[in-house]
Amino acid sequence: MTESEKEGIYMEKKIILNIELLKEGVTNVAESVIAMKDQLTEIDSKLGDGDMGISMSAGAEAVIFAVGSYTGKEMDLLLKECAMALNRAAPSTMGTLLTMGLLALAKECRGKSKIEEEELIQFPELVAEAIMKGGHAARGDKTILDAMLPYAETLEEKYREGIGLKEAHRLACKAAEEGKES
């Protein structure tokens, strides 16, 4: 890797999350869930009752509606609205666990109009902790945590090592994939 390539990784512009970026990010995640509807159904058919794609897609559509309807400026209230919309539309186990994750993020955002990148990298761990607590699950229980925890740990570790967020995210995705496969 050349020095300029290293600079590009280590010197990328830092992200500051505000209400508009939060809305965009939540919408993008929800749209990704909708796009994965068939894949989620297939995965759940092997391990459960096969309704995850349907319920998560319905929940994601409700979240997109909540984001589009929200006119306030408080990030915590937006996340609470999204959590309640998800819970109403997808009252399944996964919907409930993800609702708990969104509520944990809302609590973290209380009273803040912006979130610095250094705080943002802790969000995956906050969601994973809420899922562990609410679902009484741990790594190795063949749950979403098998991917989420390696993602969260790697993201924070690599970011703290000085790697930019984009590269830390790429490495964290790789760790999540390995965790899922294990």
Side-chain angles (χ1 to χ4, degrees), residues 15 17 21-22 24-60 62-63 75-76 78-80 82-83 85-87 89-109 115 117-161 163-182:
I15 294 172
L17 187 69
L21 282 176
L22 179 60
E24 183 181 328
V26 169
T27 299
N28 288 341
V29 169
E31 288 172 347
S32 294
V33 170
I34 292 167
M36 294 178 62
K37 180 180 177 180
D38 293 339
Q39 203 174 359
L40 291 170
T41 298
E42 181 183 331
I43 291 167
D44 193 38
S45 294
K46 294 176 184 172
L47 301 173
D49 57 8
D51 69 342
M52 188 181 304
I54 294 166
S55 64
M56 288 297 95
S57 182
V63 166
M75 291 191 287
D76 61 321
L78 170 63
L79 290 166
K80 285 179 185 177
C82 291
L86 174 63
N87 196 51
S92 63
T93 301
M94 183 57 76
T96 301
L97 292 173
L98 292 177
T99 295
M100 290 177 188
L102 284 170
L103 290 173
L105 295 181
K107 183 177 179 183
E108 184 66 24
C109 291
I115 303 289
E117 192 173 270
E118 292 77 11
E119 297 171 277
L120 184 61
I121 61 155
Q122 297 171 14
F123 279 25
E125 182 177 359
L126 292 172
V127 172
E129 287 173 358
I131 289 172
M132 284 190 294
K133 184 177 179 184
H136 307 288
R139 183 181 298 189
D141 289 348
K142 295 185 180 181
T143 68
I144 191 173
L145 295 171
D146 293 334
M148 273 188 99
L149 288 171
Y151 176 88
E153 293 162 357
T154 302
L155 180 69
E156 191 164 351
E157 175 189 330
K158 296 303 179 186
Y159 185 82
R160 300 272 182 240
E161 288 175 3
I163 293 175
L165 184 59
K166 187 175 182 179
E167 180 65 9
H169 167 69
R170 186 187 70 74
L171 294 169
C173 286
K174 183 178 177 187
E177 185 67 30
E178 291 169 0
K180 178 190 83 163
E181 292 303 321
S182 72

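Bear in mind that the values here come from a model prediction, so they are computed numbers and not experimental data.
Checked by atom type and distance alone, the side chain of Glu125 never pairs as donor or acceptor with a backbone atom of Ala152 at under 3.5 Å. The backbone N or O of Gly179 sits less than 3.5 Å from a side-chain atom of Ser182, completing a donor-acceptor pair.
When all heavy atoms are compared, the tightest approach of Cys109 to Phe123 is SG-CZ, 3.8 Å. For the pair Gly59 and Leu86, the tightest heavy-atom approach, listed with the atom from each and the gap, is CA-CD1, 3.6 Å. Listed here is the closest heavy atom pair of Pro124 and Ile121: CD-O, 3.4 Å. The two residues Asp44 and Gly50 make their nearest non-hydrogen contact at OD2-N, 2.9 Å. Between Val26 and Val63, the shortest heavy-atom contact is CG1-CG1, 3.5 Å. The shortest heavy-atom contact between Val33 and Ser57 is CG1-N, 4.4 Å.
A salt bridge is absent between Glu129 and Lys133: the closest approach of a Lys/Arg side-chain nitrogen to an acidic carboxylate oxygen does not fall below 4.0 angstrom. Using a cut-off of 4.0 Å between Lys/Arg side-chain N and Asp/Glu carboxylate O, Lys174 and Glu177 are scored as not salt-bridged.
When side chains are defined from C-beta on, Ile131 does not count as touching Met100, because their heavy atoms never get closer than 4.5 Å. By the 4.5 Å heavy-atom criterion applied to side chains, Arg139 and Pro150 are counted as neighbours. Leu78 is not listed as a side-chain neighbour of Met75, based on a closest heavy-atom distance of 4.5 Å or more. Using a 4.5 Å cut-off on side-chain heavy atoms (C-beta onward), Ile115 and Ile15 make no contact.
Rounding to the nearest 0.5 Å places CG of Leu120 at 9.5 Å from CG of Leu105. In this structure, the separation between NE2 on His136 and CG on Leu97 is 9.5 Å, given to the nearest 0.5 Å. Atom CD in Glu117 sits 4.5 Å away from atom CG in Leu165 (nearest 0.5 Å). Between Glu108 atom CD and Glu119 atom CD the span is 6.5 Å, to the nearest 0.5 Å. Taking OG1 of Thr143 as the reference point, atom CE of Met148 lies at 9.5 Å (rounded to 0.5 Å). Going from atom OG of Ser55 over to atom CG of Asp49 covers 8.0 Å, rounded to the nearest 0.5 Å.
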* Please walk me through it: do Asn87 and Leu102 pass side chain to side chain contact (heavy atoms under 4.5 Å, CB included)? -> CA-CA 10 Å; Asn87 196 51; Leu102 284 170; over 6 Å; no
* To do: Given side chain to side chain contact (heavy atoms under 4.5 Å, CB included), test Lys80 with Leu103 step by step and report yes or no.
  => CA-CA 6 Å; Lys80 285 179 185 177; Leu103 290 173; 4.1 Å; yes
* Would Leu40 and Met94 satisfy side chain to side chain contact (heavy atoms under 4.5 Å, CB included), going step by step from the backbone distance to the final call? -> CA-CA 11 Å; Leu40 291 170; Met94 183 57 76; over 6 Å; no
* Using the side chain to side chain contact (heavy atoms under 4.5 Å, CB included) rule, take Ile43 and Met52 through it: C-alpha gap first, then chi angles, then the decisive distance, then the call. => CA-CA 8 Å; Ile43 291 167; Met52 188 181 304; over 6 Å; no
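Between Tyr159 and the options His169, Gln122, Glu118, a side-chain contact (heavy atoms from CB on, under 4.5 Å) holds for only Glu118.
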